[in-house]
Amino acid sequence: MPRPLGELEDSVMTRVWKWNRPVTVREVLEDLQQERSIAYTTVMTVLDNLHQKGWVRREAEGRAYRYEAVSTRAAYAAALMNEAWSQSDNPAAALVAFFGMMSAEQREALSDAMRIVAPLSQAPISEAPISEAPISDAPISRGPATEAPQNPGEAEPEAER
């Protein structure tokens, strides 16, 4: 399971996810500098750390790298939610509390997602709104844990300057 991204890692990954293409340190740097003062080497280090953690893959282009996201922001958010949920000693209660925190728009998104997932799992979906759905004391089965993607052992060209 991935650890949550730090503030700067999230700022960098937000750009990588938003642009949805291979990016250079320089491109990320120039965009970040519109919001804050930050050094080239800091951005390079963050992207290298994200590569080591398996969040981005990189491909050498001359003396520089181009970095590309390994998975989507949605997959990242899902992995964090799955990990948090799996840590609960009462998963059903955790879900009830989570659903209770949701806005009407979030509940509608959940309902839409369940309509997509239900045919895949062949499980019927209750027509009752989330706030009225009955809660069972039966244990909830947990699927396999989601792992952060890994890219071990790539060659290291010289850094972009």
Side-chain angles (χ1 to χ4, degrees), residues 1-89 91 94-121 130 140 142-161:
M1 167 57 208
R3 287 191 345 226
L5 297 172
E7 180 187 344
L8 188 51
E9 289 174 326
D10 186 68
S11 292
V12 169
M13 282 306 299
T14 294
R15 284 151 178 84
V16 175
W17 282 318
K18 181 176 121 185
W19 296 336
N20 196 27
R21 62 174 172 75
V23 300
T24 64
V25 172
R26 177 106 16 234
E27 289 173 308
V28 175
L29 171 72
E30 289 172 359
D31 200 58
L32 282 170
Q33 285 179 329
Q34 294 176 27
E35 297 174 1
R36 64 174 94 188
S37 176
I38 190 166
Y40 178 94
T41 54
T42 301
V43 176
M44 185 173 63
T45 298
V46 169
L47 279 163
D48 183 61
N49 290 343
L50 289 166
H51 174 258
Q52 296 301 320
K53 292 177 179 181
W55 286 109
V56 295
R57 66 179 140 258
R58 65 186 180 192
E59 192 168 310
E61 187 174 280
R63 294 182 57 206
Y65 286 117
R66 285 207 174 264
Y67 295 87
E68 185 174 18
V70 169
S71 63
T72 64
R73 181 179 277 285
Y76 165 69
L80 291 178
M81 289 187 292
N82 185 58
E83 177 65 14
W85 181 61
S86 71
Q87 297 299 314
S88 174
D89 59 350
L95 286 173
V96 169
F98 180 65
F99 295 157
M101 294 176 193
M102 292 176 139
S103 67
E105 293 80 19
Q106 290 170 322
R107 285 191 300 274
E108 183 64 29
L110 175 63
S111 179
D112 292 343
M114 290 303 296
R115 280 192 281 281
I116 293 167
V117 172
L120 300 175
S121 66
I130 292 170
I140 296 176
R142 296 182 194 153
T146 304
E147 293 291 327
Q150 298 295 314
N151 279 344
E154 291 189 27
E156 303 272 339
E158 292 181 38
E160 174 182 343
R161 297 280 177 207

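Side chains are part of it too, since the values below use all heavy atoms of this structure and drop only hydrogens, waters and symmetry mates.
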Pair Trp19-Glu27, side-chain contact (heavy atoms from CB on, under 4.5 Å): steps then yes or no: CA-CA 11 Å; Trp19 296 336; Glu27 289 173 308; 4.2 Å; yes

Any Ile38 side-chain heavy atom under 4.5 Å of Leu8 side chain: yes

Atom pair OH (Tyr65) and CZ (Arg57), whose distance is rounded to the nearest 0.5 Å: 15.0 Å

Pair Tyr76-Trp17, ring-ring contact (aromatic ring centres under 6.0 Å, His included): steps then yes or no: CA-CA 11 Å; Tyr76 165 69; Trp17 282 318; 5.6 Å; yes

Glu7 side chain near Asp10 side chain, heavy-atom distance below 4.5 Å: no

Heavy-atom closest contact (Ser11 atom, Leu32 atom, distance): CB-CD2, 3.9 Å

Close side-chain approach of Phe98 to Met81, heavy-atom, < 4.5 Å: yes

Leu47 CG to Thr24 OG1 distance, which is reported to the nearest 0.5 Å: 9.0 Å

Heavy-atom side-chain proximity of Tyr67 to Val28 below 4.5 angstrom: no

Minimum side-chain heavy-atom gap Asn49-Trp55 below 4.5 Å: no

Rounded distance (nearest 0.5 Å) linking atom CZ of Arg66 with atom CZ of Arg21: 7.0 Å

Student check: side-chain heavy atoms of Leu50 and Leu5 closer than 4.5 Å: yes

Rounded distance (nearest 0.5 Å) linking atom CZ of Arg36 with atom OG1 of Thr42: 10.0 Å

Note, Pro22 side chain near Glu61 side chain (heavy atom, < 4.5 Å): no

Exam field: side chain Ser86 to backbone Glu83, donor-acceptor pair closer than 3.5 Å: yes

Distance in Å, Gln52 CD paired with Arg58 CZ, rounded so as to fall on 0.5 Å steps: 6.0 Å

Point-to-point distance, once rounded to the nearest 0.5 Å, from OG1 of Thr14 to CD of Glu9: 11.5 Å

Main-chain N/O of Ala94 paired to Trp85 side chain as donor or acceptor, under 3.5 Å: no

Contact summary for Ser88 and Pro91, nearest pair of heavy atoms: OG-N, 3.6 Å

Side-chain (Ser111) to main-chain (Arg107) donor-acceptor, under 3.5 angstrom: no

Ion pair Arg15/Glu35, N-O distance below 4.0 Å: yes

